[in-house]
Amino acid sequence: MTIRNVLNEIKSNIKKICLELNFSVDNFVVEEAKPGFGDITSNVTFLLAKSLKNSPHEIAKTISKEYQKYLGKFITKVEAHSSGYLNFSVNYNELTKVILGESCKKNYGTIDIGDNSQIIVEHTSVNPNKSLHIGHVRNLVIGDSIGRILEKANYDVKILNYIDDSGLQVADIVVGFKHGGFPEEPPNSQKFDQYCGDVVYVQTTQKYETDPKLEELRNQVLSQLEDESSDVAQFAKKITKRVLAEQLKTCWRLGATFDCLNFESHIIQSKLWNTIFEKMKQMNLIELEKDGKNAGCWVIRSKSDEDKVLVRSNGTATYIAKDIPYAAWKLGILDDPFYYTKYCVQYNNKALWQTTLEKNSEVHPKFVSDKVITVIDSRQARLQKIITTLMTRFKAKPNAYVHLAYESVTLSTETAKSLGVDASSKQVQMSGRKGIYVNADSVLDTLRDKAYEEAKKRNKDSDKKALLEIAEKVSIGTIRYEMSKQDLDKIISFDTKRSLSLEGDTASYIQYAHARAKRILEKAAHEPNFDNILGSLGTSYEINLIKKIGTFDIQIEDAAKNLSPKVIARYCYDLAVAFNGFYEHVKVLTAGDESLVNSRLCLVSSFKQTIANALDLLGISALDRM
RNA sequence: GGGCCCGUAGCUCAGCAUGGAUAGAGUGUUGGACUUCUAAUCCAAUGGUCAAGGGAUCGAAGCCCUUCGGGCCCGCCA
């Protein structure tokens, strides 16, 4: 029994009453009331007012009268408020025991939306020619958090990372190494992905402007990449593997893990495109253009937009054409041409698989599903819409393919200036090609150093190793929280200075609340005894905290249904606020009365577990000391 | 020219799905609280024509329309 159950019960009772009274209504809401307006409230009266031609207040009176028979242990009072609302009072003495008891269970908050059905989440998918920048981090954090949330909502989640190892960006660094004079080994033992992105890619791209021959070489390299046996393709494979290995280190550092790496080169070699191309022809989804500017091309017609070219007049496929077989593969529309091998075992003991075309007999998990979520920047919305539409034609099920779009991360004027960019506008778009970006590892390092100093101040007797561990977890938490707490359709203007803040609405505020709770439990004379909770946790600070703890599953339902990590981020913050208020105003260890001490210890313990659970959904570590 | 997104306090943002009670946080500024379970905290003050206009509604920050301001996308590039 949680608050969610209580709300559902009230809702179903109201439905029954409406049925009995012949009131026709649906879609009404039963929710927690705003502070100062009782405990639980419903707007059903307002929705009925019109059809019944009566005032909400009068309707509330009628329903509350009928509701009396449903009152019981948890809901003790119902009343018609003069504003028209139907308000319910909760007996927190009773509900507290239940909530605190539930919250220590390992799976507290778990709800069943997914019915253990499989779902694929794809995220990160950074071209293997560069290191992750702060924009990629947003993608990773959203995807990873969504994966965790969906798992909590009882989905069987598999996470994919798509590796575009045969595109133009890879060709660019191959040109740099083979023809641009860049040594294969980075100077000063620079991290290899950073070397490729910061130096080789950026400078090679610059050289195209002055050296047209180099640009011709790029086209050669690009076509050679598609022939796996070529020297160029073999060399590219070596380089991209090395970049990928470094990128994965950053991903793991950020707390993300994957189930499978899907290589674009394998999609191309598997000839999946030919299959899907034929299928689209058969289904009349595409047309061969006879005249006009696209004469000789295969195009997708669009009512609202321009026609999209899929196959050029020279017979080669365009960029979007690579995405179509891949999307179809993910949804299991095409026969799976791949074999799988283990890439490695990740830090959390989860195996990471990768596609291969070499035959083997390894037993592997299923990486295709009839429900797929792909996390991609909203700038690709137009292309993704075409793919989504195509997929619904292949697969009748609606929402099988979801493009989870998020707005980009830009740089604040100050941060752009610090990178030497001439910034006149309020924000500056990042550009990997131009070298305008903030590197993910660098931000984490800077943040870790700052957190280290803060932790050192407060823990003078702790050793360096322990402090570093704290600092690292604070820095990861800070970045992840920063990337999670904002709505997906809002641009994040990244400012280095601002992101260094460890106060206020930040991860460290929440982590600190957890550390405070942990310290109380450490110093307590005995373990909290949950069989002996008094109904006397009556201060508003305690009730607020209990209420927040009791709504964990409501938040998970919201976050999972709306694919919104932000919901959990705000919940974590609200929960921490409730605890800090409690901490400052209510004494636990020195409360005097022994049973009161025990009851409060239970509350502290319950909070500690719940906040740790909630933070885990965001990939943020709960800290025992900081 | 067409499409998508954003506009709420000085700044950064919740709230909008499901219209209803008093529009909330953080930050900033000002003041206060550590002999106390860690002050990465708490308390208080300050701060809002919810971009503008219109519409439907008993009722709009929220729904519809228009306008304005800002961002992004629209290649036989990827």
Side-chain angles (χ1 to χ4, degrees), chain A residues 27-29 31 33-38 41 43 45-47 49-50 55-56 81-85 87 127 164 167-169 171-172 222 289 293-299 304-306 308-314 316-320 322 377-383 385 405 407-408 410 412 425-427 429 451 454-455 457-459 474 485-493 495 498 501-513 515-524 558 561-562 566 569-570 573-574 576-577 580-581 583-591 600 604 625-626:
Chain A
N27 269 336
F28 66 93
V29 171
E31 60 193 350
K34 286 189 236 174
F37 292 100
T41 189
N43 68 347
T45 51
F46 293 102
L47 302 180
K50 192 161 202 177
S55 77
H81 190 265
S82 58
S83 61
Y85 273 103
N87 287 347
N127 285 320
D164 181 359
L168 194 66
Q169 298 201 14
D172 285 329
L222 195 58
E289 189 71 74
K293 62 172 183 158
N294 291 336
C297 301
W298 285 92
V299 300
S304 49
D305 293 318
E306 297 252 317
K308 188 76 204 163
V309 173
L310 274 189
V311 177
R312 304 182 184 98
S313 51
N314 69 5
T316 58
T318 59
Y319 170 70
I320 187 176
K322 291 180 184 174
D377 192 327
S378 66
R379 284 176 289 199
Q380 300 229 30
R382 184 180 286 253
L383 290 181
K385 198 180 162 199
E407 272 293 345
S408 49
T410 63
S412 73
S425 57
K426 213 175 167 189
Q427 53 186 9
Q429 295 293 322
E454 295 293 326
K457 272 188 228 163
R458 296 168 174 84
N459 298 277
V474 169
K485 74 173 180 182
Q486 201 138 318
D487 204 84
L488 296 186
D489 52 20
K490 250 164 196 149
I491 294 169
I492 292 180
S493 173
D495 185 87
R498 211 187 310 136
S501 168
L502 299 174
E503 285 163 19
D505 185 7
T506 62
S508 40
Y509 175 93
I510 303 162
Q511 289 170 316
Y512 185 63
R516 280 177 143 183
K518 170 72 183 174
R519 295 288 278 166
I520 292 177
L521 295 169
E522 272 174 14
K523 295 196 172 181
D558 185 354
K561 284 185 174 164
N562 295 306
K566 169 192 70 177
R570 303 222 84 88
Y573 179 71
D574 290 343
V577 167
N580 276 329
Y583 184 94
E584 294 280 343
H585 299 99
V586 181
K587 291 299 155 208
V588 178
L589 300 179
T590 53
R600 286 185 177 160
V604 172
R625 278 193 93 129
M626 57 189 291

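Rounded to the nearest 0.5 angstrom, A/I320 CD1 and A/L383 CG are separated by 4.5 Å. Rounding to the nearest 0.5 angstrom, the gap separating the NE2 atom in A/H81 from the CG atom in A/N87 is 6.5 Å.
Base-pair partner of B/A45: B/U29 (Watson-Crick or G-U wobble, both distances under 3.5 Å). The nucleotide B/A56 finds no pairing partner, because no Watson-Crick or G-U wobble arrangement with both distances shorter than 3.5 Å includes it. Nucleotide B/A9: unpaired (no Watson-Crick or G-U wobble partner with both distances less than 3.5 Å). Nucleotide B/C77 forms a pair with no other nucleotide shown, judged by Watson-Crick or G-U wobble geometry with both contacts under 3.5 Å. Base pairing analysis places B/A39 opposite nothing; no Watson-Crick or G-U wobble pair with both distances below 3.5 Å involves it. Pairing for B/A23 is absent, with no Watson-Crick or G-U wobble pair whose two atom distances lie under 3.5 Å. In this structure, B/A61 makes no Watson-Crick or G-U wobble pair, since no nucleotide meets both defining distances under 3.5 angstrom.
No hydrogens or angles considered: nothing links the side chains of A/N294 and A/E289 as a donor-acceptor pair under 3.5 Å. Side chains of A/N580 and A/Y509: a donor-acceptor N/O pair is present below 3.5 angstrom, by distance only.
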Scan nucleotides 56-59 of chain B against the protein and return all N/O pairs shorter than 3.5 Å with their distances rounded to 0.1 Å.
none

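Nucleotides B/C13 and B/G48 have their C1' atoms positioned 14 Å apart, rounded to a whole Å.
Stacking between A/Y85 and B/A21 is present: the aromatic ring centre lies within less than 5.5 angstrom of the base six-membered ring centre, and the two planes differ by under 30 degrees.
Close to B/A40, at under 4.0 Å from its OP1 or OP2, lies a side-chain N or O of A/Y512.
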